[in-house]
Amino acid sequence: MARWNEEEIRRVLSLYFIAGSVNVTRPLDNVLHEVINGGATIFQFREKGEGALKTDQKEQLARRLQKLCRGVGIPFIVNDDVELAVKLNADGLHVGQDDAATEQARQAIGDGLLGVSAHTVNEAKEAVQAGADYLGVGPMYPTTSKDDAESVRGPEFIRTLREAGILVPIVGIGGINISNANDVIKAGADGVSVISALAAEDEPQSVAEQFLKQIKAQS
Ligand code: 3NM
């Protein structure tokens, strides 16, 4: 299998749903199912934070969610856990700056989709050089979903990255909801990554539909 092509990556990043069992108040399987029905284009399993599942339970949940993604043909990405990504033959892996080094991650997953979180121009440049296929850039707005989130960068930071010659696919992250998603796309992002605006919703399908409508209107 060859590395992902850039056009395909930009397309799948449009509505990037991220979640783990701690982000939902009902089974994540159900929430993911509804978000997929609403049109999510990619899913990242991010089992982190207090009360997160470990070992076998984590793997079992991951396998169920992967199956849901496979059923509709959207990429299933594992956050941080290189071993799990390899074991499950996930479509890709997303790492932060403190997680597995980008080069090691690339080696481990071969041609899989590799995303890296970047918060500065330098981090972004280094990640691309080390083999990142796309960058997760944030936080766009204040977020309560990540304990160690950096200071808010705002959508203008995506503009800064584009002006600095960073042209790889970018997805904005952090505090994104249907009221501010447009500004993130306008600043130069290919898509938006969302945890709480979908995971904490009673009707995530309808919210996902609204996100997608806005994103499509701009592309
Ligand atoms: N990474 P919500 S912000 C997982 O800035 C994550 O790199 C961030 O959750 C970064 O959509 C964030 O609920 C949390 O704000 C995103």
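Please read all numbers here as calculations on a predicted model, not as lab measurements. Counting convention: from 1, in listed order, for ligands and their atoms alike. Side chains are part of it too, since the values below use all heavy atoms of this structure and drop only hydrogens, waters and symmetry mates.
- In plain terms, the two heavy atoms of I77 and Y16 that are nearest each other are CG2-OH, 3.7 Å.
- Rounding to the nearest 0.5 angstrom, the gap separating the CG atom in L161 from the CG atom in L167 is 10.5 Å.
- Taking all atoms of both residues into account, the shortest heavy-atom contact from Q205 to N37 is OE1-CB, 3.4 Å.
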List the steps, then state whether salt bridge (charged side-chain N to carboxylate O under 4.0 Å, His left out) holds for R162 with D190.
CA-CA 12 Å; R162 293 308 193 199; D190 298 285; 3.1 Å; yes

Check step by step if salt bridge (charged side-chain N to carboxylate O under 4.0 Å, His left out) holds for R106 and D133.
CA-CA 10 Å; R106 168 55 72 205; D133 289 309; 2.7 Å; yes

Per-pair distances, ligand 1 N/O vs protein N/O, less than 3.5 Å:
residue: ligand 1; atom: 5 (O); partner: P139; partner atom: N; Å: 3.1
residue: ligand 1; atom: 7 (O); partner: H119; partner atom: NE2; Å: 3.2
residue: ligand 1; atom: 9 (O); partner: S145; partner atom: OG; Å: 3.4
residue: ligand 1; atom: 11 (O); partner: I195; partner atom: N; Å: 2.9
residue: ligand 1; atom: 13 (O); partner: S145; partner atom: OG; Å: 2.4
residue: ligand 1; atom: 13 (O); partner: S196; partner atom: N; Å: 2.9
residue: ligand 1; atom: 13 (O); partner: S196; partner atom: OG; Å: 2.6
residue: ligand 1; atom: 15 (O); partner: T143; partner atom: OG1; Å: 2.6
residue: ligand 1; atom: 15 (O); partner: G175; partner atom: N; Å: 2.7

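- Among residues two or more places apart in sequence or in another chain, the ring-ring contact (aromatic ring centres under 6.0 Å, His included) test is passed with F43 by F17.
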